[in-house]
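Residues: numbered from 1 along the sequence shown.
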Amino acid sequence: RMTSSIRVVGVSGGMLVNSQGIFDLNGNNLDVTGTVSNDATIRLFGSETVNLANDTNSGLWEYVGDGIGGASSFNIKDFGVGADYFNLLINAPAGETFNLTTDLELNGTLTTTSGVLSQGTNHNITVKDDVTLANNTFIKDTGTGQLILNGDLNLNAGNNDLGHVVIGLSPDIVTLLSDLIATDLTVNAGDTLVTDGYEITLTDFLLINATGTLNASNGTDGASTITLAGNWTNSGAFTAGGSTVTLNGTSLQTVTTGGS
């Protein structure tokens, strides 16, 4: 593995990755003084030391691991207060894990194709565009950390358990492109989750806040089945369509239908 460093010193420009280009760190550390403009892809193992003020309005960061596979583990780079990345891609050999050490905020998309993104403990992930997770590529937070979907976006969760899921930075519409497995689900006020016929399975509660909407009308995957082991609280709107709601908890569950 290369262990040298790349230092870019800029007066006004700093570093530019132009469209269709790939800037591959390939194990080298990166230190940028000046403005970073990423209109394409910055690729890295995940073990490099990176110091820069990231471009969070465009571009993709691709984590590919070191190619060894197995039990290799890397940390996702944190770029400080506010958004960390525009688009983020985990595209590594199976078994390589990429860990959050703090909250992660994306102004664009989150995609995993192979390798594993581990949320860690008490770390929120906030995404403002589409989320696409291949099967077995996401480990949910072991504490109170949430997956917050803050945009008009599509969610393809694969077979992954997403943990604590929150819909919306009002007014947003999130549409399922797959079944959703999670610990609990909250639809914020003014926001909408469209099941499009896909299933929702929760090990705890479902909460629809006032003026929030869960639209379970029949769709691409037919009629939805919503299964939960916790309480159902609807202070907003639930469009049932042909859906089925199943309460399968092993202790007393409450159903509150103060909404519509």
Side-chain angles (χ1 to χ4, degrees), residues 1-93 95-129 131 137-139 141 143 145-148 150-151:
R1 180 189 301 180
M2 298 178 66
T3 58
S4 59
S5 297
I6 302 169
R7 179 170 175 79
V8 181
V9 180
V11 176
S12 60
M15 187 178 81
L16 169 66
V17 183
N18 60 20
S19 61
Q20 301 181 356
I22 296 176
F23 185 70
D24 193 341
L25 297 188
N26 194 33
N28 292 278
N29 299 329
L30 177 63
D31 185 8
V32 179
T33 301
T35 302
V36 174
S37 180
N38 177 18
D39 294 327
T41 298
I42 297 175
R43 178 182 292 159
L44 69 166
F45 293 165
S47 56
E48 299 91 341
T49 298
V50 177
N51 294 302
L52 53 78
N54 196 24
D55 179 0
T56 59
N57 295 314
S58 63
L60 171 73
W61 282 71
E62 179 185 11
Y63 283 79
V64 298
D66 57 14
I68 297 174
S72 299
S73 182
F74 308 90
N75 291 334
I76 298 294
K77 308 301 179 188
D78 171 49
F79 291 104
V81 177
D84 297 292
Y85 300 88
F86 188 68
N87 298 325
L88 177 64
L89 169 64
I90 306 299
N91 183 29
E96 296 197 343
T97 301
F98 298 84
N99 305 295
L100 296 189
T101 59
T102 187
D103 293 349
L104 173 67
E105 183 174 341
L106 309 179
N107 281 339
T109 62
L110 172 62
T111 306
T112 61
T113 58
S114 57
V116 175
L117 175 62
S118 177
Q119 193 171 355
T121 303
N122 302 331
H123 302 144
N124 290 335
I125 298 176
T126 303
V127 188
K128 295 183 180 179
D129 208 332
V131 176
T137 60
F138 182 81
I139 299 175
D141 194 275
Q146 300 172 324
L147 175 62
I148 305 168
N150 275 359

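With a 4.5 Å cut-off on side-chain heavy atoms, Q146 and D141 do not count as touching. Residues F86 and N38 have side chains not in contact (no heavy-atom distance under 4.5 Å, counting atoms from C-beta outward). Counting heavy atoms from C-beta on, the side chains of N91 and R43 never come closer than 4.5 Å. The shortest distance between side-chain heavy atoms of L52 and F79 falls below 4.5 Å. No side-chain heavy atom of I42 sits less than 4.5 Å from a side-chain heavy atom of V50. T126 is not listed as a side-chain neighbour of D103, based on a closest heavy-atom distance of 4.5 Å or more. Contact check for F138 versus I125: side-chain heavy atoms found under the 4.5 Å cut-off.
Of the listed residues (V64, T112, T113), just one forms a side-chain contact (heavy atoms from CB on, under 4.5 Å) with L89, and that residue is T113. The only member of T109, L60, T111, L104 that meets side-chain contact (heavy atoms from CB on, under 4.5 Å) when paired with L88 is L104.
Atom CZ of residue F45 and atom CG of residue D24 lie 7.0 Å apart, to the nearest 0.5 angstrom. Rounding to the nearest 0.5 Å gives a distance of 8.5 Å between CG of N29 and CG of N51. The CG atom of L117 sits 8.0 Å away from atom OG1 of T137, with the distance rounded to the nearest 0.5 Å.
In terms of heavy-atom proximity, P93 sits nearest to G67 at CG-CA, 3.9 Å. Residue N57 comes nearest to D55 through the heavy atom pair N-OD1, 3.0 Å, listed as atom of the first residue, atom of the second, then distance. Closest of all the heavy-atom pairs between F98 and A92 is CE1-CB, 3.4 Å. Nearest heavy-atom pair, K77 versus Y85, reported as atom, atom and distance to 0.1 Å: O-OH, 2.7 Å. T56 approaches A83 most closely through the heavy-atom pair CG2-O, 3.5 Å. Minimum interatomic distance between G115 and I90 (heavy atoms only, all atoms of both residues): C-CG2, 4.4 Å.
Every residue meeting the side-chain contact (heavy atoms from CB on, under 4.5 Å) condition with D78, not counting sequence neighbours, appears here in chain and number order: D84, T102. Considering only residues two or more places apart in sequence or on other chains, K128 meets the side-chain contact (heavy atoms from CB on, under 4.5 Å) condition with E105, N107, N150.
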Full working for side-chain contact (heavy atoms from CB on, under 4.5 Å) between T97 and F74: CA-CA 6 Å; T97 301; F74 308 90; over 6 Å; no

Worked verdict on L44 versus W61 for side-chain contact (heavy atoms from CB on, under 4.5 Å): CA-CA 8 Å; L44 69 166; W61 282 71; 3.6 Å; yes

